Structures are given as structure tokens and as C-alpha cells.
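In listed order, ligands and their atoms are each counted from 1. Here the structure is a predicted model, which means the values were calculated and not measured.
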Amino acid sequence: MNNGDAPVRLIALDAIPDGGFAEVEAAIDGDAESLLLYREGVQVRAWLNICPHAGRRLDWSPGQFLKTKNGLLVCAAHGASFELVRGECVAGPCRGEALRAVPVMVRDGDVLVDPSP
Ligand code: FES
């Protein structure tokens, strides 16, 4: 029986602007989750689209994320700022906390996620 362990395609790499974001829905451990994807060249990092401050989405509209000139992601709800390597909050109401990382990989031009990490 297929229990869904094969990596699942989320989006084409080219659908994410370099240095920009995308939002996708994915089943992680059986739960439908909104994921925030951040692209840097051919690398993509992903986190749950849930702010550690008050649990709100980070985007102000689906897939629309705020990024400062110095490369921080800003939560649209109350302005917490996150660096985009480890997803750590570096300023704002949840300073020192971090986004929950979701392991993704890029293969043949697609971003894939393991649905049961
Ligand atoms: S929910 Fe993100 S800063 Fe408050």
C-alpha cells in the first residue's frame, strides 16, 4: 500500500522569483499546511506559514510576503522580522523564536517536499 512517502512536487523552481517567495499548500504528516517558500538561486528553503508570535499567517494576502531591503521577512500581522537562513526572528514581538522549517529539495527544476518528514 502506498502510504504517501514519495516526495511530492510543490511548484516549479522557476515559478518562484529569485530572492522572492511563494506560498503553497501541502499535506505534512497528513495535515494540510500552508508553506512559505523562499528561493535563493537554485536553493529553496521552506517553513510553515505560521508566525511564532500569535500563530497568524506571515503573508498579507496569499503568497504576498514582505521583505525588507536588508533581506528580512516581515510578518504582516505585527511586524516580526525573520532572517531567511534559519527562519529566526531577529526583531519584533517573538525575537529569539523561529519559524518551523520544512525540508524541501529541488530536483529537475521542481521543488519537492517529503510529506512525512
Ligand atoms: S503574528 Fe506575526 S508578528 Fe504577531
**OP:** Report the C-alpha distance between Phe21 and Leu84 in whole Å, list the side-chain angles of each, state the deciding distance to 0.1 Å, and finish with yes or no for side-chain contact (heavy atoms from CB on, under 4.5 Å).
**Re:** CA-CA 11 Å; Phe21 304 98; Leu84 289 163; 3.9 Å; yes
**OP:** Could you tell me whether atom 2 (Fe) of ligand 1 has an N, O or S atom of His53 under 2.8 Å away?
**Re:** no
Original post:
What part of Ala80, side chain, backbone, both or neither, has a heavy atom within less than 4.0 angstrom of ligand 1?
Top reply: both
**OP:** Might you work through the side-chain contact (heavy atoms from CB on, under 4.5 Å) test for Cys51 and Arg57, ending with a clear yes or no?
**Re:** CA-CA 6 Å; Cys51 181; Arg57 290 171 65 108; over 6 Å; no
Original post:
Should Asp108 and Arg9 count as an ion pair when the cut-off is N to O under 4.0 Å?
Top reply: no
**OP:** Check each atom of ligand 1 against the heavy atoms of Ala77 and keep those under 4.0 Å away; list them by number with element.
**Re:** 1 (S)
**OP:** Let me see the working for Lys67 and Tyr38 under side-chain contact (heavy atoms from CB on, under 4.5 Å), right down to the final yes or no.
**Re:** CA-CA 11 Å; Lys67 188 180 175 191; Tyr38 174 65; 3.2 Å; yes
Original post:
Which atoms from ligand 1 have a heavy atom of Arg56 less than 4.0 Å away?
Top reply: 1 (S)
Subject >> Atoms of ligand 1 close to Cys51 [distance to a heavy atom under 4.0 angstrom, numbered from 1] >> reply: 1 (S), 2 (Fe), 3 (S)
Original post:
Would you say the side chain of Leu112 lies within less than 4.5 Å of the side chain of Val106, judging by non-hydrogen atoms?
Top reply: no
Subject >> Check ion pair Glu88-Arg95 (N to O, under 4.0 angstrom) >> reply: no
Subject >> For Cys75, the ligand 1 atoms whose distance to one of its heavy atoms is below 4.0 Å >> reply: 1 (S), 2 (Fe), 3 (S)
Original post:
Restricting to N, O or S atoms of His78, which is nearest to atom 4 (Fe) of ligand 1?
Top reply: ND1
